[in-house]
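A short worksheet on the structure shown next.
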Amino acid sequence: MTEDRILNTAPSDNPCTTCGACCAHFRVSFYCGELTGGSGGIVPAELASQLNPVMACMKGTETGNGRCIALRGTLGSPDIRCSIYPQRPSPCRAFNSWLDDGQPNPDCQRLRAGIGLPPLTPRTVAEPQLLSD
Ligand code: SF4
């Protein structure tokens, strides 16, 4: 994501801080080298499942439509947050709520609707990205 998925501290206009739907929907898989335990990774290995010799995923997301073990709070509520935000894996960092042209990410629109949240509105590309850490 641009750094806008489930922040611990975030700009007040960040829709991720009251959503969390993506963290309870996708399989969050990534290269094993991102895990702690010898290869210099930062994602806590105890929170991940091994998928194959080179890939892992966040526990809870193995089959999709499961809640990530690191997610805290209630989906769609202000208390939703990632408990390992500074150590989250690359797919979480790569997911954007808006596309480069300012249109909302269609996945966000679909998943937000699924938990009863209103759709995101387009934003101008001149607006700064929502960054954290
Ligand atoms: S690690 Fe954090 S940002 Fe990534 S899916 Fe889990 S709760 Fe969401």
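What's counted below: heavy atoms across the whole structure, side chains too, no hydrogens, waters or symmetry copies. Just follow the structure's listing: the first ligand is 1, and inside any ligand the first atom is 1.
When each atom of ligand 1 is checked for a heavy atom of Cys92 under 4.0 Å away, the hits are 1 (S), 3 (S), 4 (Fe), 5 (S). Of all the atoms in ligand 1, the ones that sit under 4.0 Å from a non-hydrogen atom of Val28 are 5 (S). With ligand atoms numbered from 1 in the order given, ligand 1 contributes 7 (S) to contacts under 4.0 Å with heavy atoms of Leu71.
Pro15 has its side chain within reach of Arg112: a pair of non-hydrogen atoms, C-beta onward, lies under 4.5 Å apart. Between Cys32 and Gln50, the closest side-chain pair of non-hydrogen atoms falls below 4.5 Å.
Residue Cys23: an N/O/S atom is found under 2.8 Å from atom 8 (Fe) of ligand 1. Residue Cys68: an N/O/S atom is found under 2.8 Å from atom 6 (Fe) of ligand 1.
Note that CD of Gln103 is 11.0 Å distant from CG of Leu120, once rounded to the nearest 0.5 Å.
Residues that satisfy the side-chain contact (heavy atoms from CB on, under 4.5 Å) test with Asn52, not counting sequence neighbours, are Val54, Met55. Residues satisfying the side-chain contact (heavy atoms from CB on, under 4.5 Å) test with Ala70, not counting sequence neighbours, are Met58, Cys68, Ser83, Ile84.
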